[in-house]
J.: 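Before we start, here is the structure in question, set down as structure tokens.
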Amino acid sequence: PDIVNLMGTILEKQGLYDQAKKHFLRALELDNNFILAKINIATLYQLEGDIEKANEIYIDIVKEQTDDPQVLYRRSALALKLENFKEGWRYYEYRWKVSPLNKVIWPIQDKPLWKGERGKRVVVWREQGIGDQIIFLSLLPEVKEMCSKLSVYVDPRLQALCKHTMPEINFVKDVEELQNIECDYHLPIQSLGGLIRNDISDFDRTVTGYFKADPQRVEAIRNELGLDGKTVIGISWKSFKTKYKTKSVQLRDFERIFSGLDVVLINLQYGDVDEEIREFKEETGIDVVQCASVDNREDLDGLAALIEVCDLVVSTSNVTIHMAGALAKETWVLLHYVSIYYWLVERTDSIWYPSLTLYRQPTLDDWDSVYESIRNDLQHKLY
């Protein structure tokens, strides 16, 4: 069954879902208790967008394997996506027992984990990517009210932005500085969800605009790019490190949205995209303005200011979206059919970022409908 299951995994990565499913089912015929094959079948249902079917399989697997970290962790994303927050966060704690997070060395090891005790000195520390950190930074104003002192270890690129936005919190940029912080408790940042977001009603407390762009940088960028009197739309179109391979689009496709409109497009995409932008202009005649004073990947304080000069942001699901959402900027998200748990299911709004509108693919890989919807809404907005 191992070889048959492995073949199914290879076929799944190639997008050949029907063939992959046959291999997983065959593996189960050979061994009816082969848990990995059951997990893989549930994953296929997720990839095909049948969340309810995947959920049913996981419920059965969890009954059989009540203490398998891989099973429980995989179950967490589905539970959270279906708004079963209490259960989802509980299972999400198993992330530390599966690859790759089981290899992470925690920056604090000699203090107990914080369980919400009030009036204590607490350190919250970063984990995973920039986007993951930004979404959970939204919970800090509430957390601060619970603590006598709150220190937060963030990615160095976020520190300047966080410090001038939330001055009452001590933001730490590296492990060395962290070692000098006296605390009673600590917690990895994504464990905050299980403390204060256990029901959909808890998101009524969501903070709007917990990031604030530096007004001087905003003004400097507006002058640098000569934007006065113009309708400015910031765009971004891809992710680099992601397990969701289908969530990026081609810049070339944005012609479908923006051709013929009287707007200025600003590049918010990080990474080396000069060639893509040059080819896009050659092929479509549409210019995408780049801001020379901001490195979109390294200078997040500058990126926040660049987003702030925009009237609207249009982007796929990546760091740009998290930054724009944290700044409370009106943002339209091109969302792939099978998306990460924090976008939930079918909703067109975001419980984490109230300024977002989600334009979901109605079926797998159907970007055409998304482009058409955004184009129509944009025309109504502009004219």
Side-chain angles (χ1 to χ4, degrees), residues 1-82 84 87-106 127-129 131-132 188 190-191 193-194 238-248 317 336-345 361 363-366:
D2 291 292
I3 300 296
V4 177
N5 183 71
L6 179 60
M7 282 299 299
T9 303
I10 293 169
L11 291 164
E12 178 206 306
K13 290 187 187 307
Q14 294 173 342
L16 303 171
Y17 296 160
D18 287 341
Q19 293 180 46
K21 193 179 292 181
K22 288 176 184 174
H23 279 75
F24 297 143
L25 290 170
R26 176 61 182 148
L28 274 179
E29 285 177 11
L30 296 169
D31 180 357
N32 193 43
N33 295 315
F34 194 13
I35 294 299
L36 191 54
K38 292 182 181 180
I39 290 174
N40 286 334
I41 290 170
T43 300
L44 274 182
Y45 279 119
Q46 282 181 267
L47 291 171
E48 292 170 343
D50 194 339
I51 303 299
E52 293 296 342
K53 186 67 176 174
N55 193 46
E56 288 172 16
I57 294 173
Y58 267 113
I59 289 172
D60 289 339
I61 297 173
V62 169
K63 286 177 184 173
E64 297 172 31
Q65 301 285 323
T66 55
D67 58 357
D68 185 320
Q70 187 73 248
V71 169
L72 297 174
Y73 172 59
R74 297 251 198 143
R75 170 84 181 109
S76 69
L78 267 179
L80 291 169
K81 202 167 190 175
L82 293 167
N84 300 322
E87 177 188 36
W89 294 128
R90 188 170 78 248
Y91 290 149
Y92 193 61
E93 290 305 309
Y94 284 91
R95 68 192 182 280
W96 300 110
K97 296 184 181 297
V98 302
S99 180
L101 294 183
N102 59 351
K103 300 179 183 69
V104 171
I105 298 171
W106 286 16
E127 51 170 305
Q128 304 182 56
D132 300 292
Q190 294 194 45
S191 292
K238 64 181 174 180
S239 302
F240 288 90
K241 294 180 180 177
T242 176
K243 64 180 179 180
Y244 295 92
K245 303 300 182 189
T246 58
K247 75 176 188 173
S248 298
S317 174
H336 52 304
Y337 190 55
V338 182
S339 54
I340 198 164
Y341 69 85
Y342 38 70
W343 304 130
L344 305 183
V345 180
Q361 288 185 339
T363 55
L364 196 63
D365 297 331
D366 178 10

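Given the structure is predicted, the values throughout are model-derived calculations rather than measurements.
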J.: In sequence, state the C-alpha distance, the side-chain angles, and the governing distance for W343 and S317, and then conclude on side-chain hydrogen bond (donor to acceptor under 3.5 Å, both in side chains).
T.: CA-CA 10 Å; W343 304 130; S317 174; 3.1 Å; yes
J.: Hey, are K21 and E48 close enough for a salt bridge, meaning a charged N less than 4.0 Å from a carboxylate O?
T.: yes
J.: Applying side-chain contact (heavy atoms from CB on, under 4.5 Å), can you list everything that pairs with Q128, at least two apart in sequence or on another chain?
T.: Y92, R95, L101, D132, Q190
J.: Do side-chain atoms of N84 reach the backbone of L80 as a donor and acceptor pair under 3.5 angstrom?
T.: no
J.: Can you confirm whether Y58 sits close enough to I39 that some side-chain heavy atom of one is under 4.5 Å from a side-chain heavy atom of the other?
T.: yes
J.: What do the steps show when you test Y337 against D365 for side chain to side chain contact (heavy atoms under 4.5 Å, CB included), and what is the final call?
T.: CA-CA 7 Å; Y337 190 55; D365 297 331; over 6 Å; no
J.: Under the side chain to side chain contact (heavy atoms under 4.5 Å, CB included) criterion, do E12 and L47 qualify, and how do the steps go?
T.: CA-CA 9 Å; E12 178 206 306; L47 291 171; 3.7 Å; yes
J.: For the side chain of S191 and the backbone of E93, is there at least one donor-acceptor N/O pair under 3.5 Å apart?
T.: no
J.: Tell me if a side-chain donor or acceptor on S248 pairs with a main-chain N or O of S239 at a distance below 3.5 Å.
T.: yes
J.: Please report the closest heavy-atom contact between K38 and I57, naming both atoms and the distance.
T.: O-CG2, 3.8 Å
J.: Would W96 and Y73 satisfy side chain to side chain contact (heavy atoms under 4.5 Å, CB included), going step by step from the backbone distance to the final call?
T.: CA-CA 9 Å; W96 300 110; Y73 172 59; over 6 Å; no
J.: Would the distance check show the side chain of K81 and the main-chain N or O of S339 forming a donor-acceptor pair, the cut-off being under 3.5 Å?
T.: yes
J.: Do V62 and Y91 have side-chain heavy atoms sitting under 4.5 Å apart?
T.: yes
J.: Can you find a pair of side-chain heavy atoms, one from D2 and one from F34, that are under 4.5 Å apart?
T.: yes
J.: Strictly below 4.0 Å, N to O, side chains only: are R26 and E29 in salt-bridge contact?
T.: yes
J.: Who are the ring-ring contact (aromatic ring centres under 6.0 Å, His included) partners of Y45, not counting sequence neighbours?
T.: none
